[in-house]
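Report on one structure; see the data block that follows.
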Amino acid sequence: DAVLSRISLCPHKAGMDSVNKNKTDEVIRSMSEGSRFYDNERRKAAQTAQRVQVMKSRAAVLSTGALQQAEAMASAFERQLETERDLSRVIVHCDADAFYAAVELRDQPHLRGKPIGIGGIGMLSTASYEARKFGVRSAMPGYIALRLCPELILVKPRFHAYEAASRQLQAVMAQYDPNFRSVSLDEAYLDITDYMARLTPGDVAQLPPLTTVADPPLVQEANSADSKPGMATDSAGARNLTTLEGRALAARVVHQMRTRMHETTQLTVSAGIACNRMLAKIGSDQNKPDGQFCLPADRAAILAFLANMPTRKIPGIGKVTEQILRELDITNCQALLQQRALLKLLFTPISFDFFMRSALGIASNNTRKRSERKSIGHETTFRELNQVPDLEDKCLHLCHKTALDMERKALLGRSVCLKLKTVDFKVKQRSVLLPAHTADEPVIKRAALGLLHREL
DNA sequence: ATACATACC
DNA sequence: TACTGGTATGTAT
């Protein structure tokens with residue numbers, strides 16, 4: 001059922017092991033069926049199905065010659081990508097476990113051991129691990145969560161507390177990489193290559209022992225290396241971080257960092273260690289919660305790690321792309337590679353490039369902060385409104401908040417975009433390009449009202 | 001250039 | 001009864 005794949009739980013996510021998926025799916029469906037939200041999901045599912053059909057019919061008429069030619073091009077492209085593979089950096093993805101919920105359980109001890117959801121009847125932003133056992137998830141409406149777990153306690157978010165905890169976590173991360181890239185309050189990428197290169201033998205001696213930290217293969221193979229533990233060096237005397245021993249050292253460093261984060265915040269953080277952001281991110285999910293994973297800086301190890309990796313685990317492949325690929329019998333990275341000729345012919349160059357890089361584990365290892373933002377705005381969902389003046393009020397208020405933010409952050413913009421959602425969850429976007437960059441509230445308001453009136 | 005879709009937290 | 005909000009980016013026309 002195509003709709004179910006859109007609204008049901010994602011089976012790969014953490015905390016799902018003990019969930020009875022059929023039962024929770026049934027609850028979710030029975031609560032959604034007949035609602036305007038569900039109808040819209042059905043509409044979108046049909047649209048995806050249509051996309052798949054077009055793709056399949058294009059696939060059906062591909063000649064052997066075309067496929068052979070595409071295979072040759074894909075193969076050449078793979079060789080090109082291999083020349084870009086960079087194993088030299090030690091990238092870490094840190095991800096706090098059930099962050100908002102963990103902060104609440106820390107600050108409100110009476111909630112410990114009970115299932116909690118952060119948010120309200122309309123929507124949850126986080127579910128505690130206790131709640132996840134019942135199938136309660138992030139981005140689930142509270143009223144459905146309550147049906148899955150009647151004892152669920154809904155907790156209003158306290159963003160100031162989360163921001164404070166986030167600052168504490170980031171202060172620890174900054175000790176290891178002052179240029180770390182934060183993704184959200186609870187997630188960040190670090191490049192600890194330079195930090196590790198600077199470690200003195202005294203520093204190394206302070207690190208937690210490998211055996212308490214790493215996965216068996218890393219432990220065995222790192223210990224069987226010829227030089228002394230933690231002291232792998234190349235001919236120039238610099239520490240070689242791409243060896244298994246170097247990775248074992250990285251695992252100890254990251255364990256120390258996670259311990260420090262736990263000491264200062266009482267929160268647990270999971271981490272992935274690899275040679276680029278994509279692999280580090282997949283890694284941080286492997287041993288969640290309160291775990292870490294280290295992927296050796298080695299092509300064969302990376303390909304072996306990815307071979308059976310479900311496509312959905314790749315950051316950037318969501319429910320829709322997962323389904324499209326599944327219809328083409330592609331469910332893991334190995335299949336992604338094997339079907340590269342087909343992908344080359346069916347998808348855009350950008351998508352093909354992305355699939356190939358994902359399947360090979362070749363991605364960016366840049367963890368510097370992104371240069372500048374590209375958009376800023378506000379949106380809000382409100383009860384059904386039909387009167388023009390009411391809609392104008394809402395629009396003007398959102399313009400006001402946006403203009404205020406732009407002034408505070410000293411930003412200018414040249415395009416004004418109005419987003420409208422109807423009661424049946426259809427979304428419309430209307431935008432205009434202004435003659436010049438501006439942050440002027442009246443200018444933004446006039447542009448937005450103009451767009452609004454076009455739709456009334 | 002515009003509209004819409006997908007993805008992420 | 002009830003399904004977010006903010007930002008980036010890809011696809012289609």
Side-chain angles (χ1 to χ4, degrees), chain A residues 6-7 10 13 28-29 31-41 43-45 47-48 50-51 54-55 93 95-96 98-100 117-127 137-147 154 157 159 162 166 182-188 277-278 281 284-285 311-324 346-355 370-384 398 401-402 405 409 411 413-421 423-434 451 454-455:
Chain A
R6 299 185 63 92
I7 64 172
C10 167
K13 286 276 183 164
I28 292 170
R29 198 176 48 158
M31 296 217 51
S32 307
E33 227 160 32
S35 70
R36 292 197 270 210
F37 178 82
Y38 188 86
D39 287 347
N40 189 248
E41 287 302 301
R43 187 181 61 79
K44 289 200 282 188
Q47 194 174 285
T48 304
Q50 173 66 21
R51 246 177 96 182
V54 169
M55 226 167 234
H93 180 250
D95 192 344
F99 183 57
Y100 295 178
I118 310 304
I121 283 291
M123 184 53 61
L124 299 182
S125 60
T126 319
R137 313 298 320 273
S138 300
M140 178 181 276
Y143 64 92
I144 290 179
L146 279 170
R147 185 66 67 90
L154 296 183
F159 288 106
Y162 312 149
S166 179
S182 70
V183 180
S184 62
L185 288 183
D186 75 318
E187 223 180 282
R277 289 205 313 259
M278 179 194 78
K281 182 163 171 59
S284 70
D285 198 46
T311 55
R312 186 68 173 82
K313 291 267 191 184
I314 295 167
I317 296 184
K319 289 184 170 193
V320 173
T321 312
E322 178 194 30
Q323 196 203 325
I324 291 171
L346 291 185
F347 289 86
T348 64
I350 290 173
S351 294
F352 173 68
D353 179 285
F354 167 69
F355 289 142
R370 286 220 279 246
S371 52
E372 54 187 345
R373 76 157 71 219
K374 298 182 175 170
S375 71
I376 187 167
H378 284 281
E379 62 182 79
T380 182
T381 302
F382 42 83
R383 66 183 168 83
E384 180 167 2
L398 294 171
K401 292 215 291 184
T402 303
D405 279 358
K409 298 182 163 111
L411 295 169
R414 200 157 82 96
S415 169
V416 174
C417 179
L418 178 78
K419 176 174 167 179
L420 293 162
K421 185 158 71 181
V423 286
D424 45 9
F425 292 92
K426 289 200 179 89
V427 173
K428 282 187 192 183
Q429 275 179 217
R430 297 291 178 264
S431 67
V432 269
L433 199 57
L434 302 176
L451 294 168
R454 263 170 50 186
E455 301 305 313

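To find a chain, count down the sequence lines: A is the first, B the second, and so on, and within it residues start at 1.
- Qualifying ring-ring contact (aromatic ring centres under 6.0 Å, His included) partners for A/F99, counting only residues two or more places apart in sequence or in other chains: none.
- In this structure a side-chain-to-backbone donor-acceptor pair under 3.5 Å is present from A/T402 to A/L398.
- Counting non-hydrogen atoms under 4.0 angstrom, A/K419 reaches nothing in the nucleic acid.
- Considering only the side chain of A/I121, C/dA2 comes nearest among C/dG5, C/dT4, C/dA2.
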Checklist entry - How does each nucleotide of nucleotides 8-13 of chain C score, in 5' to 3' order, for protein heavy atoms under 4.0 Å: base (B), sugar-phosphate only (S), or none (-)? => result SSSS--
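- Remark: A/E372 pairs with no residue by the salt bridge (Lys or Arg N to Asp or Glu O under 4.0 Å) rule, at least two apart or across chains.
- Where A/E187 and A/R414 each meet DNA chain B at their nearest nucleotide, the meeting point lying more 5' is that of A/R414.
- Applying the 4.0 Å criterion to OP1 and OP2 of B/dA1, one finds that A/S415 has every side-chain N and O outside that range.
- Closest to the A/R312 side chain, of the nucleotides C/dG6, B/dA7, B/dC8, is B/dC8.
- OP1 or OP2 of C/dT4 sits under 4.0 Å from a side-chain N or O of A/K421.
- Counting heavy atoms from C-beta on, the side chains of A/F347 and A/I324 come closer than 4.5 Å.
- A close approach under 4.0 Å does not occur between any side-chain nitrogen or oxygen of A/H378 and OP1 or OP2 of C/dG5.
- Looking at residues two or more places apart in sequence or on another chain, you find no ring-ring contact (aromatic ring centres under 6.0 Å, His included) involving A/F354.
- A/Y143 is linked by a ring-ring contact (aromatic ring centres under 6.0 Å, His included) to nothing, counting only residues two or more places apart in sequence or in another chain.
- A/F382 pairs by the ring-ring contact (aromatic ring centres under 6.0 Å, His included) definition with nothing, not counting sequence neighbours.
- Closest to the A/Y143 side chain, of the nucleotides C/dT4, B/dA5, C/dA2, is C/dA2.
- Candidate nucleotides C/dT4, B/dA5, B/dC9 were compared by shortest atom distance to the side chain of A/K281, and B/dC9 ranks first.
- Comparing A/P141 and A/K401 along DNA chain C, the residue whose closest nucleotide (by nearest heavy atom) sits nearer the 5' end is A/P141.
- Residue contacts shown for A/T380 are limited to sugar-phosphate atoms, with no base heavy atom under 4.0 Å away.
- Near DNA chain B, meaning a heavy atom under 4.0 Å away, the residues from residues 426-434 of chain A are A/K428, A/Q429, A/R430, A/S431, A/L433.
- If you take atom C1' in B/dA7 and the same atom in C/dT4, they sit 15 Å apart, rounded to whole Å.
- A donor N or O paired with an acceptor N or O is not found under 3.5 Å between the base of B/dC9 and the side-chain atoms of A/S125.
- Considering only residues two or more places apart in sequence or on other chains, A/E384 meets the side chain to side chain donor-acceptor pair (under 3.5 Å) condition with none of them.
- The side chain of A/D186 lies closest to B/dC9, out of B/dT6, C/dC3, B/dC9.
- For A/R6, the side chain to side chain donor-acceptor pair (under 3.5 Å) partners two or more places apart in sequence, or in a different chain, are A/E41.
- For the pair A/R454 and B/dA3, the criterion of a side-chain N or O lying under 4.0 Å from OP1 or OP2 is met.
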